[in-house]
S.K.: 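The structure's right below; bear with me while I get my questions together.
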Amino acid sequence: MPSMTAKKKCCKDKPRCKKCPVVLLRLSRAGCAERLDRVHYEIDKKVPKKVLKQARKR
């Protein structure tokens, strides 16, 4: 599993970027990522496109 570090603050883009803390939190709730601590996540290799699109939605 690749690991990813969340940014400190959301940049308020539309759609949200993939390193946004909100996106990573939503992915962990959807079961596609595992939260290690406050900013570090382990992401599944294949995140379904629908799930990623929904997580990045503003």
S.K.: Side chain to side chain contact (heavy atoms under 4.5 Å, CB included) with D37: which residues, sequence neighbours excluded?
M.R.: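 Listed in chain order: V39, H40.
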S.K.: According to side chain to side chain contact (heavy atoms under 4.5 Å, CB included), who are the partners of K57, at least two apart in sequence or on a separate chain?
M.R.: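 Partners of K57 by the side chain to side chain contact (heavy atoms under 4.5 Å, CB included) criterion, ordered by chain and then number, come out as Q54.
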S.K.: Counting neighbours of NZ on K7 that are heavy atoms of other residues, nucleotides or ligands and sit closer than 6.0 Å, is the number greater than 12?
M.R.: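 More than 12 heavy atoms, drawn from other residues, nucleotides or ligands, come within 6.0 Å of this atom.
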S.K.: Could you list the donor-acceptor pairs under 3.5 angstrom formed by side chains in residues 41-53, with sequence neighbours left out?
M.R.:
| from | atom 1 | to | atom 2 | distance (Å) |
| --- | --- | --- | --- | --- |
| Y41 | OH | R35 | NE | 3.4 |

S.K.: With rounding to the nearest 0.5 Å, note down the distance linking CG in L25 to CZ in R38.
M.R.: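 Taking CG in L25 and CZ in R38, the distance rounds to 11.0 Å.
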S.K.: So which atom in A55 and which in V23 form the shortest heavy-atom distance, rounded to 0.1 Å?
M.R.: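 Of all heavy-atom pairs spanning A55 and V23, the closest is O-CG2, 3.7 Å.
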S.K.: Which residues satisfy the side chain to side chain contact (heavy atoms under 4.5 Å, CB included) test with R58, sequence neighbours excluded?
M.R.: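 If we apply the side chain to side chain contact (heavy atoms under 4.5 Å, CB included) test to R58, skipping adjacent residues, the hits are C10, K12, K14, R16.
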S.K.: Using every non-hydrogen atom in the two residues, find where M4 and L24 come nearest and quote the distance to one decimal.
M.R.: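 Heavy atoms of M4 and L24 come nearest at SD-CD2, 3.8 Å.
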S.K.: Any side-chain heavy atom of C20 within less than 4.5 Å of one from R56?
M.R.: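 They are not in side-chain contact.
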